[in-house]
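Below: the structure, in structure tokens.
The structure presented is a predicted model; accordingly, all values stated were derived computationally and were not measured.
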Amino acid sequence: MFDIPFRCFVPAVLIALLLAACQTTPPPAKPAAQATPAQKLNTDADQFAQRLENAPPPRQNVEVNWTTPAPNSGGDAANPNLKKADPSTPKTTAPEKPAEPATAPAPVATAKEPKAMTPAQMIEALDAQLRASASSGSDGLKPYISDAALTLLDPRRELTEKDMASLKPEDRQIVLAYQRAFTMLGRSLGKSPEEDRQNLQIAADELLEQLRSGHKTLKLLNANLCTRVNGYGVFTPFKSNTFLAGQEQRAIVYAELENFKPRIDSDGLYEVSLTQQLVLYNQADGLPVWRIAPTEIIDRSRNRRRDFFIIQVVALPARLGVGKYNLKLTVTDQIGQAVDEVQIPINIVADAKLIDE
């Protein structure tokens, strides 16, 4: 053995112990320095990059089948029925349907705008409709009165007897009374408010009178043989209707007329249309021995006549034999379609002493 001095032995032992400790025990870790914000960001970025590297590769050709609602309506949380396609299931594509041939849309029928009618055309159309309604007979007198009222717009459109042939005589008189009032107003209204009021009152009075006398028939009154006639109710009759045989006898036949029916003509005047006829009958056998052809009487006046009379100058023939006769006067109202007649007795004598002075 080597003889090692003691003073050298102690340091050597210490060195050997230090070397053994270094080989068996790791050195204590140094306290980590606090990372700065920049260092922390770099560390997070490195960790994120490391996760990307370790992540599995992305799936290819993945389809997602959406059900209601659409993908932008809340996702899985909002729609639990949302299903995703299984990536292991092969993708199937529905066969394309053949394109249907395009058909042009059916043309839309547009209603034509009705053509504007003139007032005359509107009256014509309304008149035709009212006449058709009147012919059906389902509305009573209404279509007749309505049609008669058209004369207020056009006084020339008057109903005729033919138009009212299916009506009873009393109903016909009512329609005619209203038509006369409407016709008069159609010709007289439209001048001034004052004149219109006056004409309306006249038409109302006239209509009322016509309706009151509608049931009355034509009447001949005060028939006489006269020597002179100056006016209605102003006449001079013969003292006697006895005349001497063998000589012509001139006379004036006078009669008053009631319940005649006037109408308003195209000039706005009241018109009375009559026909009168004189026939002389022999009282013994009732045979006619003398006659005068029917005479037409047309009278027009601005106002409706209340007093109406007729006259006719006659000349009884000298050939009349002695005997008694009846001179029959027949008057026909052409507008009112009414007839009345009256007889005037006549005596023909052979002796002038038998004639009353």
Side-chain angles (χ1 to χ4, degrees), residues 161 169 172-173 176-177 179-181 183-184 187 202-203 205-243 248-281 288 290-317 325-347 356:
E161 292 293 331
R172 190 182 305 121
Q173 294 301 323
L176 286 173
Q179 180 170 260
R180 282 190 287 270
T183 302
M184 186 191 75
R187 292 193 174 103
I202 292 174
D205 295 340
E206 171 70 15
L207 177 60
L208 181 60
E209 182 175 344
Q210 289 292 322
L211 293 176
R212 284 176 175 174
S213 62
H215 63 283
K216 299 179 181 179
T217 58
L218 184 69
K219 188 71 174 177
L220 287 172
L221 301 172
N222 296 327
N224 282 279
L225 291 178
C226 303
T227 60
R228 186 181 184 89
V229 175
N230 293 330
Y232 180 83
V234 183
F235 56 90
T236 304
F238 281 94
K239 294 181 179 180
S240 171
N241 288 344
T242 302
F243 304 106
E248 184 180 80
Q249 182 64 53
R250 297 179 64 85
I252 301 174
V253 179
Y254 170 90
E256 297 169 0
L257 198 63
E258 287 187 355
N259 303 328
F260 55 92
K261 308 298 181 184
R263 68 182 172 195
I264 301 177
D265 63 14
S266 58
D267 297 326
L269 302 178
Y270 283 89
E271 178 181 297
V272 178
S273 179
L274 307 172
T275 301
Q276 68 178 14
Q277 185 175 20
L278 289 170
V279 180
L280 186 65
Y281 291 89
W290 176 80
R291 71 176 64 237
I292 295 179
T295 302
E296 185 177 14
I297 300 173
I298 302 294
D299 179 80
R300 293 184 177 91
S301 61
R302 187 165 299 279
N303 296 322
R304 185 180 185 277
R305 293 191 184 276
R306 301 295 189 270
D307 302 329
F308 198 93
F309 69 97
I310 57 175
I311 60 171
Q312 187 168 358
V313 178
V314 299
L316 298 176
Y325 300 86
N326 287 326
L327 181 61
K328 185 169 72 173
L329 170 64
T330 303
V331 176
T332 302
D333 183 358
Q334 299 294 341
I335 298 175
Q337 294 294 297
V339 180
D340 194 21
E341 60 184 29
V342 64
Q343 296 188 25
I344 302 173
I346 294 176
N347 188 20
D356 296 334

Legend entry - Closest heavy-atom pair and its distance - N222, N224: O-ND2, 3.2 Å
I'd like a table of donor-acceptor pairs (distance under 3.5 Å, sequence neighbours excluded) in which one partner is a side-chain atom from residues 339-346, with atom names and distances.
{"from": "D340", "atom 1": "OD2", "to": "L220", "atom 2": "N", "distance (Å)": "2.7"}
{"from": "Q343", "atom 1": "OE1", "to": "N326", "atom 2": "ND2", "distance (Å)": "3.2"}

Legend entry - Heavy-atom check, side chain of P262 versus side chain of V272, under 4.5 Å: yes
Inset, instruction - Give, for atom CD1 of I292 and atom CG of L327, the distance between the pair rounded to the nearest 0.5 Å. - result: 7.5 Å
Legend entry - Ring-face cation contact, F260 with R304, 6.0 Å cut, 45° max: yes
Inset, instruction - Kindly write out the residues that satisfy ring-ring contact (aromatic ring centres under 6.0 Å, His included) with Y270, not counting sequence neighbours, or none if the list is empty. - result: none
Inset, instruction - Over all heavy atoms of both residues, which pair between F238 and R250 is shortest? Give the atoms and the distance, please. - result: CZ-O, 3.6 Å
Inset, instruction - Please round to the nearest 0.5 Å and tell me the distance separating atom CD1 of I311 and atom CD1 of I297. - result: 9.0 Å
Legend entry - Candidate pair Q276 and V253, rule side chain to side chain contact (heavy atoms under 4.5 Å, CB included), full reasoning: CA-CA 11 Å; Q276 68 178 14; V253 179; over 6 Å; no
Inset, instruction - Taking all heavy atoms of I252 and all of T227, pick out the closest pair and write down the distance. - result: CD1-O, 4.0 Å
Inset, instruction - Could you tell me which residues satisfy salt bridge (Lys or Arg N to Asp or Glu O under 4.0 Å) with D299, sequence neighbours excluded, listed by chain and number? - result: R305
Legend entry - Least distance between heavy atoms, I335 atom then S273 atom: CD1-N, 3.8 Å
Inset, instruction - Measure across G336 and K261 and return the closest heavy-atom pair with its distance rounded to 0.1 Å. - result: CA-CG, 3.5 Å
Inset, instruction - Could you tell me the separation between the OG1 atom of T217 and the CG atom of N259, rounded to the nearest 0.5 Å? - result: 6.5 Å
Inset, instruction - Go through Q334 and T332 one step at a time and tell me if the side chain to side chain contact (heavy atoms under 4.5 Å, CB included) criterion holds. - result: CA-CA 6 Å; Q334 299 294 341; T332 302; 3.9 Å; yes
Inset, instruction - List in chain and number order the residues that pass ring-ring contact (aromatic ring centres under 6.0 Å, His included) with Y254, two or more places apart in sequence or in another chain; answer none if no residue qualifies. - result: F235, F309
Inset, instruction - Output all residues satisfying salt bridge (Lys or Arg N to Asp or Glu O under 4.0 Å) with R306, sequence neighbours left out; order by chain, then residue number. - result: E209
Inset, instruction - Drop me the distance from R180's CZ to E271's CD, to the nearest 0.5 angstrom. - result: 12.0 Å
Inset, instruction - Without swapping roles, check the side chain of S301 against the backbone of N303 for a donor-acceptor pair under 3.5 Å. - result: yes
Legend entry - By salt bridge (Lys or Arg N to Asp or Glu O under 4.0 Å) - contacts of R172 (at least two apart): E161
Legend entry - Interatomic distance, T295 atom OG1 to Q277 atom CD [nearest 0.5 angstrom]: 8.5 Å
Legend entry - Interatomic distance, L218 atom CG to D333 atom CG [nearest 0.5 angstrom]: 5.5 Å
